[in-house]
Amino acid sequence: MKKIYISHLSEHLAEELEEEFYLKEIALSYTEGNGIPYLFLKLQDKTGVIYGRIWENNIDERYLHFKGKVIKIWGEVLKNYKNQLEFTIQKISPVTEYSLSSFIDGLNELEKEHYLNLLDKQSSLVTHAPFRELLNLVLKGQKNRLAETPAGLTCSGAYNGALLVQTVSVTSIAIQIIRSQKMYAYHPDLKIPYQEDLLITGSLKIS
């Protein structure tokens, strides 16, 4: 379980720490001049980014495969030659149980309110009573979870609230498609009974 965030690391200068971070980048590098190998890491949590190094005697090639995963690091917080905080790391290992909201920044309060309002407006378009009841059951108590949940770690939806944005966006597209079909049917004699309530309910339920 994560305890110390990047924004508070200055309080732990020169301490040996065991902490969890999202490994955003990792690459093999060499020092200028004498060419000593080291692994360069870019670590992230919801409060920011910090860099780290694993020096020659602690390098494990398996670490290169941990990119894009949440990891636990064992290391010391020091200041580099630029007077910036940086980790000197002894070892890392992947973490299997964690909360993504600890590692990914998300929507601000205004953005969250905006998308939640759009979600409510989309839900209100459904007039069919059973569908409305289904939506109420599905969304009851889940709206805030949508606003805090990412759509993934390694895609454009890698931020808290991405699932809410995706749900609203997919539903908006679905509404536009069915309304355009109603207005511009391929042949006026087809008279296709488009079910807008069903489409909106389905989009909000599975997005």
Side-chain angles (χ1 to χ4, degrees), residues 1-8 19-26 41-50 65-73 92-182 194-207:
M1 180 178 178
K2 188 163 180 62
K3 298 177 182 178
I4 303 172
Y5 288 88
I6 290 171
S7 59
H8 296 136
E19 192 49 83
E20 298 175 359
F21 298 95
Y22 169 55
L23 182 56
K24 194 172 182 67
E25 299 288 344
I26 183 169
L41 292 75
K42 185 177 183 181
L43 305 165
Q44 174 183 310
D45 65 26
K46 67 179 182 179
T47 67
V49 169
I50 189 170
H65 301 293
F66 295 165
K67 179 181 175 181
K69 299 181 183 294
V70 174
I71 61 167
K72 179 178 287 188
I73 68 113
I92 64 176
S93 67
V95 177
T96 55
E97 294 185 9
Y98 53 85
S99 172
L100 284 179
S101 61
S102 297
F103 303 96
I104 303 175
D105 199 4
L107 302 176
N108 61 41
E109 289 304 314
L110 286 176
E111 292 168 335
K112 188 185 300 184
E113 182 180 0
H114 171 71
Y115 282 102
L116 286 173
N117 285 337
L118 287 176
L119 185 70
D120 288 338
K121 288 180 181 179
Q122 291 173 338
S123 300
S124 69
L125 294 174
V126 177
T127 58
H128 187 60
F131 290 161
R132 285 189 64 86
E133 184 177 354
L134 176 61
L135 272 182
N136 288 335
L137 288 172
V138 170
L139 296 177
K140 184 180 180 180
Q142 299 299 312
K143 292 180 182 178
N144 286 331
R145 285 189 63 188
L146 285 174
E148 297 292 339
T149 304
L153 268 173
T154 57
C155 61
S156 59
Y159 60 92
N160 293 327
L163 194 57
L164 171 62
V165 175
Q166 176 178 287
T167 298
V168 169
S169 299
V170 169
T171 303
S172 296
I173 293 170
I175 291 171
Q176 291 302 316
I177 289 174
I178 197 167
R179 288 181 176 176
S180 67
Q181 287 297 304
K182 284 181 176 181
Y194 293 107
Q195 298 185 46
E196 185 171 321
D197 283 358
L198 178 60
L199 184 65
I200 296 173
T201 302
S203 297
L204 290 173
K205 184 173 181 294
I206 65 175
S207 298

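For clarity, every value in this text was computed on a predicted model and none was experimentally measured.
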pair [X]-[Y]: side-chain heavy atoms closer than 4.5 Å:
X      : Y      : result
Ile177 : Leu199 : no
Lys143 : Asp120 : yes
Leu107 : Asn160 : no
Ser172 : Val168 : yes
Leu204 : Val138 : no
Leu119 : Leu146 : yes
Leu100 : Thr149 : no
Leu23  : Lys69  : no

Say you draw a straight line from [atom1] of [X] to [atom2] of [Y]; how long is it, rounded to the nearest 0.5 Å?
X      : Y      : atom1 : atom2 : answer
Leu41  : Glu25  : CG    : CD    : 10.0 Å
Gln44  : Ile6   : CD    : CD1   : 7.5 Å
Ile104 : Lys46  : CD1   : NZ    : 11.5 Å
Leu116 : Glu111 : CG    : CD    : 11.5 Å

Flag if over 12 foreign heavy atoms under 6.0 Å of CD, Glu133: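 For Glu133, atom CD is not crowded (no more than 12 foreign heavy atoms under 6.0 Å).
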How about CG on Asn117, more than 12 heavy atoms from neighbouring residues, nucleotides or ligands closer than 6.0 Å, or not?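 More than 12 heavy atoms, drawn from other residues, nucleotides or ligands, come within 6.0 Å of this atom.
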Determine whether a donor-acceptor pair (N or O, by modelled atom type, separation under 3.5 Å) exists between the side chain of Ser203 and the backbone of Val170.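 A pair under 3.5 Å: no.
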Selection residues 129-149 - residue pairs positive for ring-ring contact (aromatic ring centres under 6.0 Å, His included), sequence neighbours left out: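 Every ring-ring contact (aromatic ring centres under 6.0 Å, His included) pair that includes a residue of residues 129-149, provided the two are not neighbours, is His128-Phe131.
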Which residues satisfy the ring pair (Phe, Tyr, Trp, His ring centres under 6.0 Å) test with Phe66, sequence neighbours excluded?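 Counting only residues at least two positions away or on another chain, Phe66 forms a ring pair (Phe, Tyr, Trp, His ring centres under 6.0 Å) with Tyr63.
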Of all heavy-atom pairs between [X] and [Y], which one has the smallest distance, and what is that distance?
X      : Y      : result
Lys112 : Leu164 : O-CD2, 4.2 Å
Ser101 : Glu148 : CB-O, 4.3 Å
Ile200 : Gln122 : CG2-O, 3.6 Å
Leu125 : Asp197 : O-OD1, 3.5 Å
Ala162 : Ala151 : CB-N, 3.6 Å

Partner residues of Lys2 under the side chain to side chain contact (heavy atoms under 4.5 Å, CB included) criterion, sequence neighbours left out: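 Once residues adjacent in sequence are excluded, the partners of Lys2 under the side chain to side chain contact (heavy atoms under 4.5 Å, CB included) criterion are Tyr5, Glu19, Glu20, Phe21, Asp45, Ser102, Phe103.
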